[in-house]
Amino acid sequence: MATTFDKASLALIPSGVKESKVYSIKPTDGSGDFTFSRGTDTATRVNSSGLIEKERGNLFTYSNDFSNAAWTKVRSSVSSGATDPFGGSNAWSFLADTSADQQHYVNATISQSGVGTLSIYAKANGYNWLRLRLPSEEAYFNLADGETGSSTTGISASITDAGGGWYRCEVAISDMSSSTSVFIHIAEGDGDIIIGGTPSGTDGLYIYGAQLEQGLVATDYIETTTAAVYEGITDNLPRLDYSGGASCPSLLLEPSRTNVVAQSEYFDGWIKTTNGTGVTPVVIQNDAISPEGVQNASKITFDVAGGTTSSDWSLITLNVSGLTSGASYVSSVYLKGENGGEEVLVRSVGGSYKKHTLTTEWERYDFLETSAGTSYTADIGIRKSVGHTINSSATIYAYGFQSELGSYPTSYIPTYGTSASRSEDSCSKTGITDLIGQTEGTLFIETDFTNTSGTQVLFSAHDGAANKRLEIWSNNDVVNGFIGGSVNIAVGNTTISNGVHKIALAYKSGDSVFYVDGVQIGTSATSFTISALTTLAFKQYTGLLKPTEGTKQTLVFKTRLTNAELAAITTI
Amino acid sequence: MKFRKYTYASKEAWETQKALIVQTDEEGNESYNQSVVMVVELGHLVETPAVLDEDGEVVTEAVLSTDYCVDILWRSEPHADFVPTWVKPVGIHTFGSKHAAEYAKSYCEANPEAEYCNPVINDDVVA
């Protein structure tokens, strides 16, 4: 006996995606696969492990071909074929030549900006010290004992044992735009890049896999040749999102947004401010595992040392500009406490302090406010007597501060020194007249709905014209079933809450019906004709009114399902 | 895709140029046409930040540029009538590292003499 699913002409249950495409599981010949676009690489998702996932990339060319002209060899030589950290023979012997009392290094030019991390695998081979340098920052690494040496006041330097005498050495810096070259030195000791006397010509280091990437930490190595290589949530990769601990993903569709906070993760780059009894906040960058699953969260200690007045504060602060005065902004930040129970204030667009009591688990705190002007000062910390009773000290962890124009928070947009924008998601399929019922049929969606305080078309079938369209759409929190054919028919509407809902619009001249969550919302006995429906889309026929939703499944039927079937498939 | 930055004498001047990349549907709704991925109107940039008091109230208003600034991410080649402003990479706003890198490369192609594009590489210790 055929199930309702068997009757579907098209089924999109988000599970398989690739660049610019969302696979439908039915039909199986690919004719029902949706086209997807976004176009910016600032998007993130929550992956199946519950972690925030970004795009990541290796911005170097020829990341493991140090013989290439991309790497200038200065009083040094490189030769391939050395045993690498993973048991292959892809590492390089990097030797100092016999020039006496000189520096010996390789360097490459870069064209980047913002917070970035340089990393490389290295192993001692006659010399024990590696120096990584960008013009504004440097760090030394002891490859004999796996310890970091001296470094400038950049963000951080770290060394990780990779086994077999290999270490992955990394240094993060606050602004790559001041660093148009990177240098990898054979060093004689900590802080000593002049190799004294005459080198033997056979001593140096082994090196493997250089990587330069945006962000505060080195991620898994990506090999490159002629161009930078990017992985993760790239420009046009549809996002299968597991937010809220979902076991099955949603296809995340969001509008364009800009995070106007220029440093969303580098809290050590925020200004530390105190007054009265306040103690200067202590920020330890890259101290803890963030919601991203990597060690780039900041540990921050605030203390007003018993102060009691509004003149007593211990805060970190960042000036944010570029706002539209009088507009609604939603700000958000991930926070957790060291022990749980910590109280902390956050001040954002609106200028007033919000108090949050933290747990030992990461939580994204968000707050909707109206901007008073074109700029504001973001604060995190402790200040007494500003409308809240609050403890005098707290040690917390912070990650991912975001302020975006809109009435609800969207997925995290990381920033590394400038504001950053994510463009809208767009998903549709054209030229599938044969998969859409032209005289009768059913559209079904299961969607994680967000009230955007506006109009959005959650799903539609159309032919690019007002009189050839079927729409499941919403205005604020009211969801509607609509037929735009020879006549316009509002089949039904009802109020829904934010969250997951199952919605079906069944259409047949004189016998149309609208179901939401197992309940018949409305019917229509109006006769109509509609034809040449060619396109399925998560937007209006005009291309506008794209939704904010997480699409869990979409089914299209070429028949008007029975009311019993509609009730069954829409029951939560 | 191409990331370019633009400066106009006023918002009105931008609105005039914007018309070249705006389409209107049959219901009168305006949207950008397919030539652009995204447009971000940065507006009048802050030249001198506002001075705020401890309660976040403005003591001295920010000094804003008279120019009206716009960032555009083009789907392919930029519209020929749009003349970019070559701000040192990458200014105050980005569409992501990949597009920032493309912008920086184009910046140096357009401004080969710029200091940014001619790094001084030496053996000295940290600058």
Side-chain angles (χ1 to χ4, degrees), chain A residues 37 39-42 55 57 59 72 74 102-103 105 107 109 111-114 133 135-138 152 177 180-181 193 213-214 228 230 234-235 256 258 262 275 310-311 313 319 321-322 324 347 351-352 372-377 379 386 416 418-424 465-466 542-544, chain B residues 1 3 23-27 29-31 34 36-46 49-50 52 54-58 61-62 64 69 71 73 75 88-105 107-108 115-127:
Chain A
S37 67
T40 52
D41 55 0
T42 50
E55 179 186 80
L59 307 174
T72 302
V74 178
Q102 290 285 352
Q103 297 183 33
Y105 60 86
N107 76 279
T109 59
S111 297
Q112 296 296 328
S113 60
R133 175 198 163 196
S136 58
E137 308 291 349
E138 67 173 346
T152 50
S177 69
T180 47
S181 286
I193 51 171
E213 59 194 297
Q214 197 99 66
Y230 298 86
T234 50
D235 281 4
S256 59
T258 297
N275 199 62
S310 63
S311 296
W313 70 71
N319 292 322
S321 60
T324 301
R347 182 163 69 171
S352 61
T374 58
S375 62
Y376 80 95
T377 302
D379 289 343
V386 284
Y416 302 110
T418 70
S419 61
S421 296
R422 178 197 65 232
S423 55
E424 65 186 8
T542 58
L544 304 178
Chain B
M1 282 176 268
F3 172 18
Q23 60 188 7
T24 305
D25 67 24
E26 61 185 78
E27 295 185 353
N29 301 306
E30 287 191 347
S31 62
Q34 283 298 303
V36 299
V37 175
M38 190 175 181
V39 174
V40 175
E41 296 185 35
L42 302 172
H44 301 284
L45 302 188
V46 174
L52 307 179
E54 60 192 41
D55 296 318
E57 299 295 330
V58 176
E61 293 286 350
L64 302 180
C69 300
D71 280 5
L73 184 62
R75 200 166 299 281
K88 181 186 169 186
V90 68
I92 66 159
H93 171 262
T94 186
F95 293 105
S97 63
K98 187 184 307 170
H99 304 300
E102 182 276 326
Y103 175 83
K105 183 169 181 277
Y107 171 89
C108 288
E115 182 180 355
Y116 175 85
C117 308
N118 296 278
V120 176
I121 299 173
N122 57 49
D123 291 358
D124 295 339
V125 292
V126 174

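The analysis underlying the following values was restricted to heavy atoms, covering all of them including side chains, and did not include hydrogens, waters or symmetry mates. A, B, ... follow the sequence lines: proteins, then strands. Residue 1 opens every chain.
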Measure distances from [X] to the heavy atoms of chain B and classify the residue's part below 4.5 Å as side chain, backbone, both or neither.
{"X": "A:T377", "answer": "both"}
{"X": "A:A420", "answer": "both"}
{"X": "A:R422", "answer": "backbone"}
{"X": "A:S421", "answer": "both"}
{"X": "A:A466", "answer": "both"}
{"X": "A:E213", "answer": "neither"}

Please give me the minimum heavy-atom distance between [X] and [Y], naming the atom from each residue.
{"X": "B:V37", "Y": "A:S423", "value": "CG1-OG, 3.7 Å"}
{"X": "B:H93", "Y": "A:T418", "value": "N-CB, 3.7 Å"}
{"X": "A:Q214", "Y": "B:S97", "value": "OE1-CB, 2.9 Å"}
{"X": "A:D41", "Y": "B:G96", "value": "OD1-CA, 2.9 Å"}
{"X": "A:Q112", "Y": "B:A101", "value": "NE2-CB, 3.4 Å"}

Quiz item: Got more than 12 heavy atoms from elsewhere within 6.0 Å of CD, B:E61?
Solution: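 No, because the 6.0 Å sphere around CD of B:E61 holds 12 heavy atoms or fewer from other groups.
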
Quiz item: Is it the side chain or the backbone of B:V90 that comes within 4.5 Å of chain A heavy atoms, both, or neither?
Solution: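 Both parts, backbone and side chain.
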
Quiz item: Side chain, backbone, both or neither: which part of B:L73 has a non-hydrogen atom closer than 4.5 Å to chain A?
Solution: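 For B:L73, the side chain is the part near chain A, not the backbone.
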
Exercise. Could you tell me the separation between the OG1 atom of A:T374 and the CG atom of B:L45, rounded to the nearest 0.5 Å?
Key: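 With rounding to 0.5 Å, OG1 (A:T374) is 10.5 Å from CG (B:L45).
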
Quiz item: Looking at CE of B:M38 and OG1 of A:T258, how far apart are the two atoms once the value is rounded to the nearest 0.5 Å?
Solution: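 The OG1 atom of A:T258 is 4.5 Å from CE of B:M38, to the nearest 0.5 Å.
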
Exercise. Using a cut-off of under 4.5 Å on heavy-atom pairs, state which of B:L64, B:V40, B:D71 scores highest against chain A.
Key: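 Option with the top pair count is B:V40.
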
Quiz item: Side-chain donor-acceptor pair under 3.5 Å between A:T40 and B:H99, yes or no?
Solution: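 Checked: A:T40/B:H99 side chains show no N/O donor-acceptor pair below 3.5 Å.
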
Quiz item: Hey, which of A:D379, A:N275, A:D235 has the most heavy atom pairs under 4.5 Å with chain B?
Solution: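 Sorted descending by pairs with chain B, the first entry is A:D235.
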
Quiz item: Between the main-chain N or O of A:T542 and the side-chain N or O of B:D25, is there a donor-acceptor pair closer than 3.5 Å?
Solution: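 A pair under 3.5 Å: no.
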
Practice problem: Begin with the C-alpha distance, continue with both residues' side-chain angles, and end with the deciding distance and a verdict on side-chain contact (heavy atoms from CB on, under 4.5 Å) for A:S113 and B:K88. | Solution: CA-CA 10 Å; A:S113 60; B:K88 181 186 169 186; over 6 Å; no

